[in-house]
Amino acid sequence: VGFAATMPLMRRRDPDPIDDPASHGMPGQAVLFPSRDTTILGGWWIPTLENPRGTIIMCPGQNGSLDKDMPQAVPLHQAGFNVLMFDFRGHGRSEGQIVTIGALEQADLFGAVDYVTVKHKADRIGVLGFSMGAGVALMVAAQDQRIKTLVVDGAYPRLSGLLANYMRINGIPRLLGDVMAWLVLIVGSLRTQYQLFRANPADLADRIMAPTLFIHGDDDPFLTPEEIEALVAQIPGETDLWCVAEAGHRDAYTNHPDEYNRRVVAWFEQHLEG
């Protein structure tokens with residue numbers, strides 16, 4: 001049962017319809033670079049023409065590919081930031097057949113930070129993370145001081161709770177869903193030789209010094225406003241929380257695109273230029 005439960009959650013994802021920077025009026029170079037464990041990752045380097053205000057790495061969620069997030073790179077590029085978009089392992093342009101919901105994906109973001117630091121001499125690095133990418137961004141920022149600031153949309157405190165709510169949303173009773181979530185973590189750990197149950201942003205939150213903007217939909221089915229507030233409270237660095245009424249998981253951009261772009265760009269301008 002545990003092995004069967006891991007299959008749909010850990011399989012390689014089907015990509016979203018292909019998009020590219022040129023379709024949005026941006027320059028772009030297709031890039032390949034290694035994760036920290038040598039998995040080859042693919043993405044786009046979108047440079048600003050001169051005097052960049054900083055470099056933003058975008059971390060997608062655990063479905064589809066980076067393509068669906070391409071429109072959200074546009075306001076960052078227009079504001080004068082370099083942007084690196086990439087697919088996590090098991091997604092889109094990147095190698096890998098297994099998805100670990102934020103565990104091994106940490107090595108991918110470390111690799112992305114290595115890439116922009118070495119290849120493009122970036123020293124003012126921010127991360128914009130969505131859902132799984134938000135959790136990865138928090139965990140890596142706790143371990144890598146090269147990341148100067150974060151915006152995380154749809155973050156979560158613990159993988160076990162995220163999986164349990166995923167089970168509940170799919171019609172599995174709460175108690176059984178809790179058991180199945182832990183089965184997924186245990187079997188997934190055996191499959192990957194990595195303790196997936198240790199990939200929890202809440203366990204590293206007290207080490208995050210980078211200023212962090214949280215974006216959360218009040219109707220997010222994966223966690224309550226109280227749970228995200230508790231996660232925010234653990235972080236010793238500067239934080240802000242934008243709770244969006246009547247918004248589900250990652251719906252803030254869809255429901256309020258102009259305000260979303262304004263808040264995100266302003267956060268990066270404030271914390272990468274100061």
Side-chain angles (χ1 to χ4, degrees), residues 35-36 54-62 76 81 83-84 86 88 100-117 122-162 194-217 220 222-244 249-250 252 260 263-274:
S35 172
R36 279 278 178 91
T55 296
I56 311 300
I57 300 173
M58 293 177 60
C59 293
Q62 59 82 31
L76 296 169
F81 294 101
V83 179
L84 174 67
F86 74 98
F88 284 115
T100 64
I101 322 295
L104 298 181
E105 288 80 6
Q106 293 174 74
D108 300 346
L109 180 51
F110 279 120
V113 176
D114 293 341
Y115 170 75
V116 298
T117 302
D123 59 354
R124 290 172 291 169
I125 299 171
V127 177
L128 171 57
F130 309 111
S131 192
M132 180 185 77
V136 172
L138 290 168
M139 291 185 286
V140 173
Q143 304 168 71
D144 194 332
Q145 294 184 357
R146 292 177 297 175
I147 296 175
K148 304 303 183 186
T149 190
L150 299 170
V151 177
V152 289
D153 181 351
Y156 56 90
R158 296 192 173 277
L159 192 50
S160 58
L162 184 72
Y194 184 97
Q195 295 177 338
L196 302 191
F197 46 84
R198 299 183 64 181
N200 299 314
D203 291 340
L204 296 172
D206 62 358
R207 295 166 54 185
I208 298 173
M209 300 307 300
T212 304
L213 170 62
F214 285 81
I215 301 173
H216 176 76
D220 191 324
F222 293 107
L223 73 164
T224 65
E226 291 75 22
E227 288 174 307
I228 199 70
E229 288 167 4
L231 177 60
V232 172
Q234 288 183 254
I235 295 177
E238 179 184 349
T239 58
D240 194 9
L241 171 60
W242 179 32
C243 274
V244 184
H249 187 66
R250 281 203 64 188
Y260 189 106
R263 286 176 179 262
V264 170
V265 169
W267 187 265
F268 286 128
E269 287 177 339
Q270 178 183 353
H271 295 288
L272 286 182
E273 289 192 309

Once salt bridge (Lys or Arg N to Asp or Glu O under 4.0 Å) is applied, what residue pairs with a partner in residues 149-158 remain, sequence neighbours excluded?
R158-D203

Only counting residues at least two apart or in another chain, list the ones meeting salt bridge (charged side-chain N to carboxylate O under 4.0 Å, His left out) with [X].
{"X": "D123", "result": "none"}
{"X": "D108", "result": "R89"}
{"X": "R36", "result": "D114"}

Applying side chain to side chain contact (heavy atoms under 4.5 Å, CB included), can you list everything that pairs with [X], at least two apart in sequence or on another chain?
{"X": "A205", "result": "L231, Q234, I235"}
{"X": "E229", "result": "P225, L241"}
{"X": "R263", "result": "W242, E259"}
{"X": "S131", "result": "H249, R250"}

Approximate separation, where rounding is to 0.5 Å, of [X] [atom1] and [Y] [atom2]:
{"X": "L104", "Y": "S35", "atom1": "CG", "atom2": "OG", "result": "8.5 Å"}
{"X": "T239", "Y": "L150", "atom1": "OG1", "atom2": "CG", "result": "11.5 Å"}
{"X": "T55", "Y": "L76", "atom1": "OG1", "atom2": "CG", "result": "11.0 Å"}
{"X": "I215", "Y": "D220", "atom1": "CD1", "atom2": "CG", "result": "12.5 Å"}
{"X": "I228", "Y": "F222", "atom1": "CD1", "atom2": "CZ", "result": "13.0 Å"}
{"X": "E238", "Y": "L213", "atom1": "CD", "atom2": "CG", "result": "10.0 Å"}

L204 and L138: CA distance, side-chain angles, deciding distance, side chain to side chain contact (heavy atoms under 4.5 Å, CB included) verdict
CA-CA 8 Å; L204 296 172; L138 290 168; over 6 Å; no

Closest non-hydrogen atom pair, [X] against [Y]:
{"X": "A199", "Y": "L159", "answer": "O-CB, 4.0 Å"}
{"X": "G154", "Y": "A134", "answer": "C-CB, 4.3 Å"}
{"X": "P157", "Y": "L223", "answer": "CD-CD1, 3.6 Å"}
{"X": "G102", "Y": "M132", "answer": "N-SD, 3.5 Å"}
{"X": "L84", "Y": "A112", "answer": "CD2-CB, 3.9 Å"}
{"X": "V244", "Y": "A252", "answer": "CG2-CB, 3.7 Å"}

Has D144 got a side-chain atom pairing as donor or acceptor with R146's backbone, closer than 3.5 angstrom?
yes

Under 3.5 Å: donor-acceptor pair, side chain of Q106, backbone of A103:
yes

Could you walk me through whether I147 and I57 pass side chain to side chain contact (heavy atoms under 4.5 Å, CB included), step by step?
CA-CA 10 Å; I147 296 175; I57 300 173; over 6 Å; no

Are [X] and [Y] side-chain neighbours, meaning at least one heavy-atom pair lies under 4.5 Å?
{"X": "F268", "Y": "L128", "answer": "yes"}
{"X": "H271", "Y": "K148", "answer": "no"}
{"X": "L109", "Y": "M139", "answer": "no"}
{"X": "L196", "Y": "I101", "answer": "no"}
{"X": "E227", "Y": "Y156", "answer": "no"}
{"X": "V127", "Y": "V136", "answer": "no"}

Mind checking what makes ring pair (Phe, Tyr, Trp, His ring centres under 6.0 Å) contact with [X], not counting sequence neighbours?
{"X": "F88", "answer": "F86"}
{"X": "F110", "answer": "none"}
{"X": "Y260", "answer": "Y253"}

Is the CD atom of E226 crowded by more than 12 outside heavy atoms at less than 6.0 Å?
yes

Does the side chain of Q62 come under 3.5 Å of the side chain of E105 through a donor N or O and an acceptor N or O?
no

Once side chain to side chain donor-acceptor pair (under 3.5 Å) is applied, do any residues pair with T149, and if so which ones, sequence neighbours excluded?
W267

